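These figures come from a predicted structure and were not determined experimentally.
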Amino acid sequence: GIDGLAPPPPNSIEREVLLAQPALRLLDASGNLVMDATAEVYVYSNQDTGSSDFWMGNRYATPVQGWANFTDLGFSDSLTYEILFRINSSDFYVDTDVDPGAFTTSISVGVSTLREFQQGLFPALVSRTQVSEEPFAASVSLKDESDSVVVNTRLPVYVSLIVLAGGDDRAVLRGGGGFIPCCAGTALECSLCAKPVGGVATFVGLNIDREGDYALQYSSFSTVKHQYNHTAAEISIIAGPGVQITVSRALPAAHIGTTTGDEPARLLPAPSAIFGDNAGNLVSSGTNLGSALILLCYDGADPKPAPPALCRCNDISCVAEGFNQSVARSRKIVAGNISQAFSLGVAPFGDLSVTLSRTDYRAIFRQHFSGVLSNLNGTSGRFAVS
C-alpha cells in the first residue's frame, strides 16, 4: 500500500509549483517500508478528462528507498481538485480512487497572485544602445500585489517587440538557444517564451535586426481570463559593421531613343549603392568607405548574342577583373559617371544611361579605394533596356 507523509497544502495558486509536494511511502502488508520498490507512483485527479487535464510537472515518481517524492507538481487553472495516486506492478496494485483506505488529499487552487512585472536586466548594455543582430540579455521579475516576487510561479512569460516612432516595421526579434515560438491565452501573435526560475524569467541571445527605436513587451496568461503585460524601457538599435553592398531600388525598364530616336536609355530613377551591415541596415558612419564602380552583366535570359564587352553574371573571371579592365568594359555599355564616392554610406548614381538593348541586365556595384578594388560588391535584380 501507500500512505502520504507530506501532502500538498490545502490551498494553492494556478500556474504555481505547489509549495509542499506529495511524498509517499510504499508499504508491505505488514506496514513496513518496501526499500527495494521500483514501481512508479502516478498522480491524477477527479478533474482529469484526458486531453484537457490541468496538471503541470512530472506526474510520475520513482521510489528511492521506499519513498516516492514528487518535485514540481502544479495546476494550470483555478478549481478544487481531489488528488489520487496509483501504483501498478507485478508485486502490488493500489488505486486510491477505488481503495478508500489509501492515501488521498484535496486542494483548492485559486487565481494567480501575479499582478505585475518588475524590469530586470535590460538590456545587457547600460547605454541601452545595441548593435543590430548582436545578442543581448533581458530579464523580468514576476511580483504579486504586495510587491513580493512570486518565486514558485510557473507562468510562462512571452516577449514580443514593440516598434516605436523611430523603429522599422520590418524589424524581427529573435531569441537564442532554448527559446521556441509559442502562443498562449488570448495572444494574437506567437512570440518567444521562457519559464521563470525563482520568479525571474530570463531571455538570453536576443537580437533585433533593424536599426531604430524599440521596446520589449512581456506578457503572461494564468488563464484566458487573466493577462498581465509589461512594456520595458526603450532600446535603440544601431547598424553593425559594414559587410555588404546592396542596391537602393530595383532598376526600372529603360528605353533607347525616347526623345530623338537614338539617344542612350536613361536609368531613372537612378540607383544607389548602399553600404550595409549583415541585416541590410545602412552603415553611415566610420572611416573612408571608398567608392562604388558600376559594371553591367547579363544573366542569359535574353537569347540575343552578347557583345564581348559584356560579362555573363556568373562568369567570375570576367566580373571580378581588375579595376581598369572593369572600367573599360563598363564604358562600352554605360554612359555617365560610372564611379561614385560613398557619402554617409550611400553612393548615388545620377546620370547613367545604357547604349545597348537587352532584357536580362543586372548591375554589379564594386567597392574600390582610388582604383584598388575590395572584395565587397552588390548585384541588382534583372532589368531591361529596349
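Other members of a hydrophobic cluster containing Val200 are absent, since no ILVMFWY side chain comes under 4.5 Å of it, directly or through relayed contacts. Cluster partners of Val64, using a side-chain heavy-atom cutoff of under 4.5 Å among ILVMFWY residues and allowing indirect links: none. Residues near Phe369 contribute nothing to a hydrophobic cluster around it, because no ILVMFWY side-chain heavy atom sits closer than 4.5 Å to its side chain.
A heavy-atom distance below 4.5 Å is found between the side chains of Leu164 and Ile162. For the pair Leu295 and Ser330, the minimum side-chain heavy-atom distance is below 4.5 Å. The side-chain heavy atoms of Tyr214 and Ile208, taken from C-beta on, include a pair separated by under 4.5 Å. Between Val41 and Phe70, some side-chain heavy-atom pair lies under the 4.5 Å cut-off. Side chains of Gln21 and Leu73 form a contact here, defined as non-hydrogen atoms less than 4.5 Å apart. With a 4.5 Å cut-off on side-chain heavy atoms, Asp168 and Val163 do not count as touching. Residues Arg366 and Ser326 meet the side-chain proximity criterion, which asks for heavy atoms closer than 4.5 Å. Between Leu293 and Phe323, some side-chain heavy-atom pair lies under the 4.5 Å cut-off.
Cys311-Cys318 SG separation is under 2.5 Å; the pair is scored as a disulfide.
Here the side chain of Asp213 pairs no donor or acceptor atom with the backbone of Ser236 at under 3.5 angstrom. Distance alone, capped at 3.5 Å, places no donor-acceptor pair between the Arg170 side chain and the Asp209 backbone. The backbone N or O of Val243 sits nowhere less than 3.5 Å from a side-chain atom of Asn278 that would complete a donor-acceptor pair. In this structure, the side chain of Asp277 does not engage the main chain of Pro241 through any donor-acceptor pair within 3.5 Å. Distance alone, capped at 3.5 Å, places no donor-acceptor pair between the Gln47 side chain and the Phe54 backbone.
Residues Lys332 and Ala309 share a closest heavy-atom pair of CD-CB, 3.6 Å. Shown here for Glu134 and Asn207, the closest heavy-atom pair between the two residues is O-CB, 3.9 Å. The two residues Phe349 and Asn337 make their nearest non-hydrogen contact at CD2-O, 3.5 Å. When every heavy atom of Ala138 is checked against every heavy atom of Tyr218, the shortest pair comes out as CB-OH, 3.3 Å. Across all their heavy atoms, Ser339 and His368 have their closest contact at OG-NE2, 2.9 Å. Scanning both residues, Arg312 and Cys297, for their nearest heavy atoms gives C-CB, 4.3 Å.
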Check against side chain to side chain contact (heavy atoms under 4.5 Å, CB included), Ile245 and Phe342 | CA-CA 11 Å; Ile245 294 175; Phe342 281 103; 4.1 Å; yes

Check the pair Thr38, Asp36 against side chain to side chain donor-acceptor pair (under 3.5 Å), reporting the backbone distance first and the verdict last.
-> CA-CA 6 Å; Thr38 58; Asp36 59 351; over 6 Å; no

Would you check, one step at a time, whether the test side chain to side chain contact (heavy atoms under 4.5 Å, CB included) holds for Leu33 with Leu26?
-> CA-CA 6 Å; Leu33 199 64; Leu26 278 69; 5.6 Å; no

With side chain to side chain contact (heavy atoms under 4.5 Å, CB included) as the test, would you mind laying out the steps for Val372 and Ser370 before giving the verdict?
-> CA-CA 6 Å; Val372 179; Ser370 300; 5.8 Å; no

I would like to know whether Asp72 and Asn58 meet side chain to side chain contact (heavy atoms under 4.5 Å, CB included); could you show each step before the answer?
-> CA-CA 7 Å; Asp72 62 351; Asn58 187 0; 3.8 Å; yes

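Every residue two or more places apart in sequence or in another chain was checked for a ring pair (Phe, Tyr, Trp, His ring centres under 6.0 Å) with Tyr298, and none qualifies. In terms of the side-chain hydrogen bond (donor to acceptor under 3.5 Å, both in side chains) criterion, Arg331 has no residue partners (sequence neighbours excluded).
A chain of hydrophobic side-chain contacts below 4.5 Å, direct or via other Ile, Leu, Val, Met, Phe, Trp or Tyr residues, connects Ile235 to Leu173. Follow the hydrophobic side-chain contacts under 4.5 Å out from Leu352 and you never reach Val319; the two are in separate clusters. Residues Ile338 and Leu376 are members of one and the same hydrophobic cluster, defined by side-chain heavy-atom contacts under 4.5 angstrom among Ile, Leu, Val, Met, Phe, Trp and Tyr. In the hydrophobic cluster analysis, where Ile, Leu, Val, Met, Phe, Trp and Tyr join through side-chain heavy atoms closer than 4.5 angstrom, Val385 is grouped together with Val334. In terms of hydrophobic clustering, with Ile, Leu, Val, Met, Phe, Trp and Tyr side chains grouped at heavy-atom distances under 4.5 Å, Ile294 and Val346 are assigned to different clusters.
With rounding to the nearest 0.5 angstrom, the CG atom of Leu161 is 11.0 Å from the CZ atom of Arg174. Atom CD of Glu321 is separated from atom CD1 of Ile316 by 12.0 Å, given to the nearest 0.5 angstrom. The distance from the CZ atom of Arg86 to the CZ atom of Arg59 is 9.5 Å, given to the nearest 0.5 Å. If you take OG on Ser386 and NE2 on His255, they are separated by 4.5 Å, rounding to the nearest 0.5 Å.
If you check the side chains of Asn281 and Ser132, you find a donor sitting under 3.5 Å from an acceptor. Side-chain atoms of Ser357 and Lys304 form a donor-acceptor pair, as typed in the model, at a separation below 3.5 Å.
Partner of Ser380 under the side chain to side chain contact (heavy atoms under 4.5 Å, CB included) criterion, out of Ile364, Thr246, Val247: Val247 alone. Residue Ile274 forms a side chain to side chain contact (heavy atoms under 4.5 Å, CB included) with just one option from Pro348, Ser248, Ser284, and that option is Ser248. Evaluated for a ring-ring contact (aromatic ring centres under 6.0 Å, His included) with Trp55, the options Phe75, Tyr42, Tyr60 yield exactly one hit, Phe75.
Between Tyr361 and Phe383, the ring-plane angle classifies as parallel under the 30° and 60° cut-offs.
Residue pairs meeting the salt bridge (charged side-chain N to carboxylate O under 4.0 Å, His left out) criterion with at least one member in residues 375-385, sequence neighbours excluded: Asp299-Arg382.
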